Amino acid sequence: MPSAKKVLEFKGRMLSLTRVRVLDSDPHAIEAQLREFAKQMPQAVAGMPVILESDTALDLGGLLSILKSVGMQPVGVSDGPLAESARNWGLPVLPPDTGKTARAIPEAAAPAPAAAAAAPTIVAAKPPKIITTPVRSGQQIYAEGGDLIIINTVSPGAEVIADGCVHVYGTLRGRAIAGAKGDTTARVFCRRFEADLVAICGIYAVAEQMQGELRNKPAQAYLVDGKLKLDRLDW
């Protein structure tokens with residue numbers, strides 16, 4: 001009997017997921033804050049895959065509609081009060097997030113990229129991955145097992161990820177994620193800081209949290225006692 005024809009190919013891929021935690025079930029307040037968030041960061045929100053979390057039951061169908069209307073893509077819910085409703089909507093129920101994450105939207109929702117908080121620390125050991133051309137909107141660059149060095153700019157809507165440190169020798173816009181597999185010593189460095197999101201080991205901050213004196217300046221991001229810290233670099 002001839003062997004079956006190969007019709008599927010399985011590939012692993014880094015994917016940043018944002019956890020949206022609902023703190024108030026008022027649909028009008030949720031919609032207002034999501035639309036304001038999308039207005040502030042349209043490139044980051046467009047197509048953003050999200051996991052929903054809530055401590056109380058709510059109208060999941062209505063929430064899904066609001067999220068999709070601003071461009072977000074719900075991919076599942078965290079196990080809890082939304083689980084039963086999620087199954088009725090055909091959404092997977094995922095384990096709750098037990099890692100420490102910063103809260104990006106203080107009142108209505110709390111996004112967080114996929115974290116390796118529970119994973120063992122992996123020290124970057126491979127040679128750095130060096131990119132000399134601009135990282136354009138929609139591109140994702142990943143340096144597995146080492147540092148990522150961008151000798152150019154990172155555009156809004158782009159994503160740069162490294163298991164080690166991320167170095168950007170131009171303007172950093174878009175998303176920068178260092179320590180993707182648990183290296184708590186990883187850092188993000190850039191010559192001009194305009195990022196939509198910065199994360200170290202899943203601990204992160206978004207643009208609305210980073211509007212201080214470091215904007216448009218040389219900066220670095222790193223962890224101190226499990227909290228994300230931003231400092232100016234003297235370049």
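Note that the coordinates shown come from a computational prediction; the quantities given were computed from them, not determined experimentally.
In this structure, Arg35 places its CZ atom where more than 12 heavy-atom neighbours from other residues, nucleotides or ligands lie under 6.0 Å away.
How far CG of Leu63 is from OG of Ser25: 10.5 Å, rounded to the nearest 0.5 Å. Atom NZ of Lys129 sits about 14.5 Å away from atom NE2 of His167, to the nearest 0.5 Å. If you take CD on Gln73 and NZ on Lys68, they are separated by 7.5 Å, rounding to the nearest 0.5 Å. Between the CD1 atom of Ile150 and the CD1 atom of Ile131 there is a distance of 5.5 Å, given to the nearest 0.5 Å. In this structure, CD on Glu31 lies 10.5 Å from CG on Leu67, to the nearest 0.5 angstrom. The CG atom of Leu148 sits 11.0 Å away from atom OH of Tyr142, with the distance rounded to the nearest 0.5 Å.
Side chains of Met72 and Leu34 form a contact here, defined as non-hydrogen atoms less than 4.5 Å apart. Side-chain contact check for Ile149 versus Tyr169: some heavy-atom pair is nearer than 4.5 Å. The shortest side-chain heavy-atom distance between Val166 and Ile177 does not fall under the 4.5 Å cut-off. At least one side-chain heavy atom of Leu60 sits under 4.5 Å from a side-chain heavy atom of Leu64. Between Cys201 and Leu223 the shortest side-chain heavy-atom distance falls below 4.5 Å. For the pair Asp231 and Tyr222, the minimum side-chain heavy-atom distance is below 4.5 Å. Side-chain atoms of Ile161 and Arg175, non-hydrogen and from C-beta on, never get closer than 4.5 Å to each other. Inter-residue side-chain proximity for Asn216 and Glu194 is flagged as met; some heavy-atom pair is nearer than 4.5 Å.
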Item checked: Worked check of side chain to side chain contact (heavy atoms under 4.5 Å, CB included) between Ile200 and Thr184 -> CA-CA 7 Å; Ile200 313 286; Thr184 57; over 6 Å; no
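Both Leu91 and Leu82 belong to a common hydrophobic cluster when Ile, Leu, Val, Met, Phe, Trp and Tyr are linked at side-chain heavy-atom distances under 4.5 angstrom. Under the 4.5 Å side-chain contact rule for hydrophobic residues, Leu52 and Val22 share a cluster.
Applying the ring-ring contact (aromatic ring centres under 6.0 Å, His included) test to every pair with at least one member in residues 52-93, sequence neighbours left out, gives no pairs at all.
Judged by distance alone, with hydrogens and angles left aside, the side-chain atoms of Arg191 form no donor-acceptor pair with the main-chain N or O of Lys217 at under 3.5 Å. One N or O on the side chain of Asn152 and one on the backbone of Thr132 form a donor-acceptor pair closer than 3.5 Å. The closest donor-acceptor contact from the side chain of Thr153 to the backbone of Ser155 lies at 3.5 Å or more, if one exists at all. Judged by distance alone, with hydrogens and angles left aside, the side-chain atoms of Ser65 form no donor-acceptor pair with the main-chain N or O of Gly62 at under 3.5 Å. A donor-acceptor contact shorter than 3.5 Å links the side chain of Asp147 to the backbone of Cys165.
Nearest heavy-atom pair across Gly145 and Asp163 is N-OD2, 2.6 Å. Across all their heavy atoms, Ile66 and Ser69 have their closest contact at O-OG, 2.6 Å. Scanning both residues, Ser78 and Val93, for their nearest heavy atoms gives C-CG1, 4.5 Å. Closest of all the heavy-atom pairs between Thr56 and Ser54 is O-OG, 2.6 Å. Across all their heavy atoms, Ile51 and Val77 have their closest contact at CG2-C, 3.9 Å. Of all non-hydrogen atoms in Ile30 and Asp24, the two that sit nearest each other are CD1-O, 3.3 Å.
Using a 4.0 Å cut-off between charged nitrogen and carboxylate oxygen, Lys181 and Glu144 count as a salt-bridge pair.
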